[in-house]
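The model shown is predicted, which means the values in this text are computed figures rather than measured ones.
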Amino acid sequence: MGVSDPARGREKVRFQPDARPPAALAFGLGLQLAVLTIPGIMLITTVVMRAAGESEAYLYWAVSATVVISGAATVLQAFRIGRFGTGHVLVMGSSSASIAVCIAALVEGGPEMLATLVLVSALVPLAVSGRLPLLRRIMTPTVSGIVVMLIPVTVMPVVFELLGRAPAGSPGAAAPLCALVTVLSTLGIALGSKGALRLWAPLIGVAAGSVAAGFFGIYDLDSIAEAPWIGFPANEWPGLDLDFGPGFWALLPGFLFIALIGALRTMSSCVAVQGVSWRERRAVDFRAVQGAVTTDGTASLLAGFAGTVPSTAYTVSVPVIELTGAAARTVGVATGAVFVALVLLPKTFALILAVPNPVLAGYLAVLLAILFVAGMRAVVNDGLDYRKTVVVGVAFWVGVGCQYGMIFPEQVAEFAGGLFRNGMTAGGLVAIVMTGLLELTESRPSRLEADFGMSALPELREFLRSFASRAGWDTVMADRLDAVGEETQLSLVPAAEDGDGKEGRSGRRRLRLSAKRGEGGAVLEFVVAPRGENIEDRLAALGAGTGEGAIERDVSLRLLRHLSSSVRHRQYHDTDIVTVNVEAPSRSGRT
């Protein structure tokens, strides 16, 4: 997320999150996302319930509850209400990583124990959201990018299985031809169309594949005809198991870890969707990431009360936005509304579920290919040095190896109930552990805490000069650090200072500054209360502002860009963190 990364190809974003496309278009795009997402959401819940031997009545209740909760959470993600939501199109659904532990809970203690375990584990994403600034050194965009890259690796085996899952007795060429029609139709429109037609590429691709399936007789029209027009799921609420017996405590660690992985996936999805939603490159808004994780935890709480599987964010909207250029939050609202409506319209529900597996597989193959590149983009934008390169390479290939049973398959299959057979889980954990170890091995920084405001400049200058002296740098580097500290402070101080020169509220806040040696220079980290405007975005748009105040801020920002090699600004609900890398002049060095 360096300031030098230009946005390329963003002109294809037709509707940014704050845009208002026509209602019919927003509904159509929301319907596309629902068509592509609901089958997977239902499949995960169905697999869990049937593998545990639950009744069909409870299965229908659990599936319906999952879809309704996912729809409500998707709508909430489209807004920014306090600490909830992202303001982006972020689809929520059931967590595939939780399949094994949910089956174990149902077998051990039935739906009541499942409900209690999901309810308790939902506290994990809520806690992560509130402590995200403290976890920033291990829950990095690089780690998020690795997880996004591993999602296609994890899902592709399912896609390849769907390719060959045609009804018995169908022609041998039916499955590959239907998938091929879907892929060619989608890519042909996405790559060959420059107008509004590109917005409909996903739906047209699925429709074309379904028509081809109709010619081969593998589109299930009977299930559509038999489904009622309107229906309500029967109440099968299981209640909660509050005995907290040995079975609960034995299963709880697995649920807590799955909740952590789900929170990381939600973070990754939020970072990825921000990267494709704006025409101009923007710094990652970590307040939106916090909102995404909070909503994730809230959805899992509701899932726990309902007695169904926990929730997580899906990345399907990322490639869909790339294909259609529509990132308006009204599309997310429409998607969630379609989710809820479909539960009450069984015939429409059946229409979506009747889409043949080879057709879904063909389109998912396109989405996952685009998603892998989105993960790569997140990793590259975070800045790749030698250490990060090692983390990315090792974590990714460990994930691939575990997913395909190439790394000690017997031991991996038995450890933690086979949890690490999932490549996303294994690779994500390796990335977190390696990133944490790198942080532990780094030298301890020098620290300063002072009142935030221009009155703290003398203390800040003295601290930076003492740091430069201890590091063995000459006066040239000391002066550079001094200037960087001053310009960063000026950039962070709110523009709305009192007209009489007083610092307003800035003097009542605290500044925590840490300084340490980095590769070829120094790394300064400024931690203060939030102020609303992102320095990275201002650096990328220098000169765009008007007025005397904007010109004064531009001067500080231009100096900061000249003096530093990179500036990263992370904004959280309670904290602003600005990290500045300062290269030592060539004639500077150790004495």
Side-chain angles (χ1 to χ4, degrees), residues 27 29-52 54-78 89-99 102 106 111 114-115 118-119 122 206 223-224 227-238 262 265-266 269 295-317 320 331-355 357 360 364:
F27 174 78
L29 294 170
L31 180 62
Q32 292 183 56
L33 276 175
V35 168
L36 295 169
T37 311
I38 278 184
I41 295 174
M42 296 182 65
L43 179 63
I44 292 169
T45 309
T46 301
V47 167
V48 169
M49 300 304 162
R50 287 187 174 163
E54 297 298 325
S55 66
E56 288 297 314
Y58 183 65
L59 166 63
Y60 190 73
W61 161 266
V63 170
S64 299
T66 300
V67 173
V68 169
I69 292 169
S70 299
T74 301
V75 172
L76 183 56
Q77 293 285 26
V89 183
L90 193 63
V91 180
M92 301 295 293
S94 48
S95 171
S96 60
S98 67
I99 290 177
C102 287
L106 287 169
L114 172 65
V118 172
L119 191 64
V206 172
S223 63
I224 301 174
W229 284 102
I230 298 176
F232 299 88
N235 183 11
E236 293 288 335
W237 182 63
R265 179 174 177 178
T266 297
S269 301
T295 304
D296 178 9
T298 303
S300 292
L301 278 174
L302 294 175
F305 279 117
T308 188
V309 297
S311 177
T312 189
Y314 285 12
T315 45
V316 65
S317 60
V320 169
V331 175
V333 175
T335 302
V338 169
F339 275 28
V340 176
L342 287 178
V343 173
L344 305 178
L345 302 171
K347 191 174 287 293
T348 309
F349 220 174
L351 179 68
I352 293 175
L353 294 178
V355 175
N357 291 322
L360 288 176
L364 282 174

Handout entry: Option passing side chain to side chain contact (heavy atoms under 4.5 Å, CB included) with Q77 (candidates L90, T335, V333, V91)
Key = L90
Handout entry: Donor-acceptor pair, side chain of W61 and main chain of T308, under 3.5 angstrom
Key = no
Exercise for the section: Mind listing the closest non-hydrogen atom pair of V75 and G336 along with its distance? Expected result: CG2-CA, 3.7 Å
Exercise for the section: Any chance you could measure T74, atom OG1, to L33, atom CG, to the nearest 0.5 Å? Expected result: 9.0 Å
Fill in the blank from the handout: Taken to the nearest 0.5 Å, the spacing of L301 CG from T295 OG1 works out to 11.5 Å
Handout entry: Heavy-atom check, side chain of Y314 versus side chain of S94, under 4.5 Å
Key = yes
Problem - With S70 via side-chain contact (heavy atoms from CB on, under 4.5 Å) - residues at least two apart - result: I41, T66, F339
Exercise for the section: For A115, enumerate each residue passing the side-chain contact (heavy atoms from CB on, under 4.5 Å) test, keeping only those at least two apart in sequence or located in another chain. Expected result: L240
Fill in the blank from the handout: Here the gap from L31 atom CG to I38 atom CD1, rounded to the nearest 0.5 Å, amounts to 9.0 Å
Fill in the blank from the handout: Those residues at least two apart in sequence (or on a different chain) that pass side chain to side chain donor-acceptor pair (under 3.5 Å) with S317 are none
Completion exercise
On a heavy-atom basis, the closest approach of C102 and V309 is SG-CG1, 3.9 Å
Practice task
Examine distances only and state if a side-chain atom of S300 and a backbone atom of S311 form a donor-acceptor pair shorter than 3.5 Å.
Solution key: yes
Problem - T312 side-chain N/O to G262 backbone N/O, donor-acceptor pair under 3.5 Å - result: yes
